Chemist: 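Handing you a structure now.
Note that the numbering runs from 1 along the sequence shown for the chain. A quick note: this is a predicted structure, and the numbers were derived from the prediction, not measured.
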Amino acid sequence: MSCPTEPMECSKDAFLNGQLQIYQPKQGYRAGVDAVLLAAAVPAVAGESVLELGCGVGVASLCLGARVRGLDLVGVEVQPDYADLARRNGHSNGIGFDVHTGDLSNMPPSIRQRSFDHVIANPPYYMGQSRVASHSTSREMAHVEQTPLSLWIDTATRRLGHRGRLTLIQRADRLRDVLQACDDRLGALTLWPIQARTHRPAQLFLLTAQKGGRTPLTIRNPLIMHEGAQHERDGESYTKQVRGVLRDGMALI
């Protein structure tokens, strides 16, 4: 199976225990657990609108759309081949997903003229040079920050309607950058550390914020990904809560 605009091979991967079948390139950036966790943290209800910044092949938005039917899902993706795949994935899974090709620094006019109930994002994790050697431009763009994290959050905030909610996932060592970028337009911040195992430091975090919110920052108990203090056997070791999210599309909220 070839991708729409490039002569590269694609795989068809199952998400949510087969509820979704997602086409994505075999080489380059490939969506995984982080996108599913992001979708699970979004407190959306039927009839609301959701904008995903940097939607890639659409995994986060489509996981959310599979859990909450009747959402108005919109995505923006800078890489045309990934945007094409996101459109294809929405269509093939029977989930309406309006994907625009565009850059955060120059958003499509049709997006700039709208406000949304939710904005979600999984911004690149690393600043500057990647820590992992890669020969794929798409992988570099997904993992290495080309656009400042502050612009991601400012763009998201501008697109939120009053009382709208931002949900994002990011590396734990970028927490200071994220909090600094959340200016007085955003409040009611809720932080959810994500740990691989009990007694290990958090490597990722989920953050939600509300435009116009005024309640203090809340820090939730960590989300523990795997059972046991260390890897002890072959095979899956996800905790019951995480299995529910990854396999059954359950919400974290």
Side-chain angles (χ1 to χ4, degrees), residues 15 29-43 52-54 56 59-60 63-64 119-134 139-153 156 165-183 186-210 213 215-253:
F15 286 80
Y29 174 72
R30 292 173 57 79
V33 171
D34 296 7
V36 185
L37 293 176
L38 174 62
V42 181
E52 182 177 4
L53 301 179
V59 172
C63 284
L64 177 57
V119 177
I120 68 175
N122 181 5
Y125 286 161
Y126 301 108
M127 294 185 295
Q129 186 175 2
S130 174
R131 301 180 188 182
V132 179
S134 173
R139 186 177 178 85
E140 285 292 308
M141 292 182 71
H143 284 286
V144 181
E145 183 177 284
Q146 310 289 329
T147 301
L149 188 54
S150 58
L151 180 58
W152 283 79
I153 294 177
R165 292 185 178 274
L166 166 66
T167 305
L168 63 82
I169 189 168
Q170 185 55 249
R171 282 178 57 91
D173 59 8
R174 303 297 306 277
L175 177 59
R176 172 187 278 186
D177 298 328
V178 169
L179 293 178
Q180 287 179 339
C182 292
D183 58 29
L186 295 173
L189 274 64
T190 299
L191 176 67
W192 197 334
I194 302 172
Q195 298 175 205
R197 297 180 186 275
T198 305
H199 305 308
R200 292 194 182 179
Q203 295 179 317
L204 300 171
F205 66 87
L206 286 157
L207 183 83
T208 64
Q210 186 175 50
T215 57
L217 170 69
T218 299
I219 301 178
R220 302 186 65 165
N221 291 332
L223 174 65
I224 308 299
M225 295 293 296
H226 297 279
E227 297 173 341
Q230 60 186 8
H231 182 73
E232 296 178 343
R233 67 181 189 275
D234 293 335
E236 187 177 286
S237 62
Y238 290 123
T239 61
K240 180 179 179 181
Q241 182 180 25
V242 172
R243 285 198 306 274
V245 169
L246 300 183
R247 305 294 176 239
D248 303 324
M250 293 178 61
L252 282 172
I253 52 180

Chemist: For residues L175 and L191, determine if any side-chain heavy atom of one lies less than 4.5 Å from a side-chain heavy atom of the other.
Modeler: yes
Chemist: Between OG1 of T167 and CG of L64, what distance do you get to the nearest 0.5 Å?
Modeler: 9.0 Å
Chemist: Under a 4.5 Å cut-off applied to non-hydrogen side-chain atoms, are L168 and W152 in contact?
Modeler: no
Chemist: Taking side chain as C-beta onward, heavy atoms only, is L37 less than 4.5 Å from L223?
Modeler: yes
Chemist: Please assess H226 against V242 for the test side chain to side chain contact (heavy atoms under 4.5 Å, CB included), listing each intermediate value before the final yes or no.
Modeler: CA-CA 8 Å; H226 297 279; V242 172; over 6 Å; no
Chemist: Using modelled atom types only, decide if a donor and an acceptor are shared between the side chain of W192 and the backbone of N221 within a distance under 3.5 Å.
Modeler: yes
Chemist: Search all heavy atoms of P124 against all heavy atoms of R174 and return the closest pair with its distance.
Modeler: O-NH1, 4.0 Å
Chemist: Identify the heavy atoms of Q170 and P123 that sit nearest to each other, and give their distance.
Modeler: NE2-O, 3.4 Å
Chemist: Roughly how far apart are Q210 CD and L166 CG, rounded to 0.5 Å?
Modeler: 11.0 Å
Chemist: Looking only at heavy atoms, what is the nearest atom pair of A202 and A172, with distance?
Modeler: O-CB, 3.4 Å
Chemist: Report the distance from atom CG of D34 to atom CD1 of I169, rounding to the nearest 0.5 Å.
Modeler: 4.5 Å
Chemist: Show your reasoning for whether side chain to side chain contact (heavy atoms under 4.5 Å, CB included) applies to Y238 and V245.
Modeler: CA-CA 10 Å; Y238 290 123; V245 169; over 6 Å; no
Chemist: Rounded to the nearest 0.5 Å, how far apart are CG of L38 and CG of L207?
Modeler: 11.0 Å
Chemist: State whether the side chain of R197 and the backbone N or O of E227 hold a donor-acceptor pair below 3.5 Å, judged by distance alone.
Modeler: yes
Chemist: Could you tell me the separation between the NE2 atom of H199 and the CD1 atom of I224, rounded to the nearest 0.5 Å?
Modeler: 9.0 Å
Chemist: Any idea which heavy atoms bring R171 and Y126 closest together, and the distance?
Modeler: NH1-OH, 3.4 Å
Chemist: Counting C-beta onward and ignoring hydrogens, is there a side-chain heavy-atom pair between L252 and Q241 closer than 4.5 Å?
Modeler: yes
Chemist: Looking at V178 and I153, what are the two nearest heavy atoms and their distance?
Modeler: O-CD1, 3.8 Å
Chemist: Quick check: closest heavy atoms across V36 and C63, and the distance to 0.1 Å?
Modeler: CG2-SG, 4.1 Å
Chemist: From R247 CZ over to K240 NZ, what is the distance, rounded to the nearest 0.5 angstrom?
Modeler: 15.5 Å
